[in-house]
Amino acid sequence: MKITGNQIFWMMFSFIIGNTMLISVSRVLNHSKQDAWISYIVSLLLGTFCIFIAIKAGQLYPELTLVELCKFVFGKWIGTLIVLVYLVQWYTVIANIISEFTVFAIAILLPNTPPWLFYFSMLLLVIYVVFSSGIEGIGRSSEVFGPIIFLSAILLILLSITNMEFKKILPVFLDTGFIPIIKGAVPSTAFFAEVVIILMLIKFLDDKKRGPFKTIWGLLLAGTLTIFVVIGIIMIIGPEVAAKQSYPFFDMIGYINIMEFIQNLEIIAVIVWILSVFIKLSVYFFIASYGTAQLFKVKDWRKTIWFVAVISFILCFQFKNENLHGFKYIETYWLKFVLPVNMMIIPFLLWVVGSIRKRTKRVSIGDK
Amino acid sequence: MSKIIYQCLIFLLCLLVLVGCWDRTELNEQAIWLASGFDVGKEDGLKVSGQIVIPANMQNQNGGSKGKDHFILSDEGVNLGDAFQKMEAKLSRKGFYGLRKVFFIGEELARRGISKELDNVTRGSEVSIRTDVFVVKGDTAINVLNVSNPLEKPSAIAALKEHQQIGGRGSTVFLDFLNAANSDGLRPTIPLIEITETQTGENSDKKESIVQVAGLGIFNKELKMVGMLNQTENQDLLWILGYLPKHTLSTPLRDGNATLQLHHLSSKIKPVIEKSNHITFKVELSGEGTLFENNTLLNPEKKSDLKEFEKAFNELAKKQVLSTIKKVQSESGQDIFGFGEVIHRKDPRKWKDLKDDWDQYFTQADVKVTTKIKINNIGITGPSVLNKNGGS
């Protein structure tokens, strides 16, 4: 299984853009109002920084995945523990993404369809792509879907320009201040920094030196588009109203009306989101199965696919409408644990401890 | 093995053509909802009415009318959801609300307050917040829905088109309303509509009712309607807000009169805040115009005469806008011009002191209006052709 730099670029772009544009926006607007775009710039910088560290850590031993790297750097027991922390994140996030996608699809498109049908069909699709060709298949499909997502997003932003009212974005900074902007940057950083899963993928890149940095370009492109979308939402819907909507991007598109002729383009947003969710799910699904296989030393990693599939299907029912009466997965677990631990501290430790180990090892090799 | 694969493939190909959407509703099994009307119901409840298309009568555009192309349903409930639910029992088809682009609010309901009534309008996923809203002046919403327009038939469509025609805000009215309801320095407004009659000559006693856009309703912070503006004042307001696409001014001049059509309208508002928190707003309005009618002896091709036209129109606009602002300040005291938002944007720190008593500051504020109207097109005649002495 090999993926090219281009494929990893589009893969990471599609991985991020869907959920940041559709789900993250009102969470950020709640804190930083009309300055949400500053929050996004801050979090894009923070996210890029996290991923830079992750890539540095991964490049110490580019032939190892995150699972092997943890075991190698921290020793067998602590390494296994850390890998388990990641596995919990991956298993649960698959269920979370599927259930959020289902809530959206039921609310907007298919009100009478039972949720399990969405869980089942989405999982079936993801299992197909992961089983048939692993990360290579995901890479190739992102190379096709990525540009479609990109062009549709650009089209939607361009068509919205005529609706924008500049004054809605004022006053900049003075109204909210420093702390709300940083508070708003927390959820968006969590969405951007998800890309640290690149640690699992460096092994499969054909160019291990420059390839990983294409991830950063993918992140920057997706982040920039998201910032434009956020500015558009603020200037069209207005920060106060948009913060109360579940899918403000969707409302923004509802206002596109060019000469009474080009209108009702909401379906393009749905397509963008479904394609992006598909890529995101497949990547998570792949690393969850591959990681499990490596942790438990299963020779054929494809066998663990079924295990992951069953677990995530069951978890989906637990996550069903968890925003309403669950424990708020994103707000509690994701923002308070995953963001600091999985996305920042562990990659940083991997980098620091890993490079110390490498140096001492080289010295010891030199001594011989 | 390959045989099984082929069989599977054929099976899958069949799936492509044989399946359909199991929960779709055919067009002829839906009741297409064009407009809703909300009125006061019994015991603090709501009365909801809907204008529903009769597709069979709508199809023949050239063959003369077969009859009414829409009908009205109505029911009461404690809130919108309850009333809609009761109405379902009267409908033989499933309601489809995706095409509802306007709703009407009866005056009585608007005066009672709508802060607790309209949640349902934004909550459902079928209906987008891109919608036009009217308050019915001096009447109930159901009566407006009952009026047919001779050109457009359903009154909902007539109201929408009239609103576009005169340069209103159209589909962003509801969004503006929501934004204003969530803001401290701008009070919400909703356009008014009223029922009038067509003139059909003296002999005919059969006058037809039509709907007419009739100005603007002013709402306070609690979303109760507290005042009204007429259509000219409404246009002044839209000019100050920067939403007005075109405007017409008519003024007496010398021994005749003249009319100007304005476009490229824009506005600038500058607040001057003194130490004692007394505020003066400098409103600067500008626009370019086409001379539409000239019943004077002046020759607009001459520079001095053109200046005289411009001066007259500037004075008129200034007087009109100022009196509108004064009227709003003294009668309803609600800042519908967004003066507070201007301070909010320019000086957010100062705004934090002002916003709690904004209604008071607004009514006491001084306003100075300057207008910059330029005539850059005089049509295809110079002096009026009707006047022999014109232009001399």
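The figures here come from the full heavy-atom set of this structure, side chains too, leaving out hydrogens, waters and symmetry mates.
Dense packing is recorded around CG of B/L13, with more than 12 heavy atoms of other residues, nucleotides or ligands lying under 6.0 Å away.
Side-chain atoms of A/W273 and A/N19 include a donor-acceptor pair closer than 3.5 Å. A side-chain donor-acceptor contact under 3.5 Å links B/W358 and B/D335. Under 3.5 Å, the side chains of A/N30 and A/K183 contain no donor-acceptor pair of N or O atoms. A donor-acceptor pair shorter than 3.5 Å cannot be found between the side chains of A/S99 and A/Y119.
For A/I237, the parts lying under 4.5 angstrom from a heavy atom of chain B are both the backbone and the side chain. For A/K244, the part lying near chain B is the side chain, with the backbone staying farther off; criterion is any non-hydrogen pair under 4.5 Å. In this structure, no portion of A/I253 lies under 4.5 Å from any heavy atom of chain B. Interface residue B/K352: only side-chain heavy atoms are found under 4.5 Å from chain A.
The most heavy-atom pairs under 4.5 Å with chain B, out of A/Q245, A/K167, A/E240, come from A/K167.
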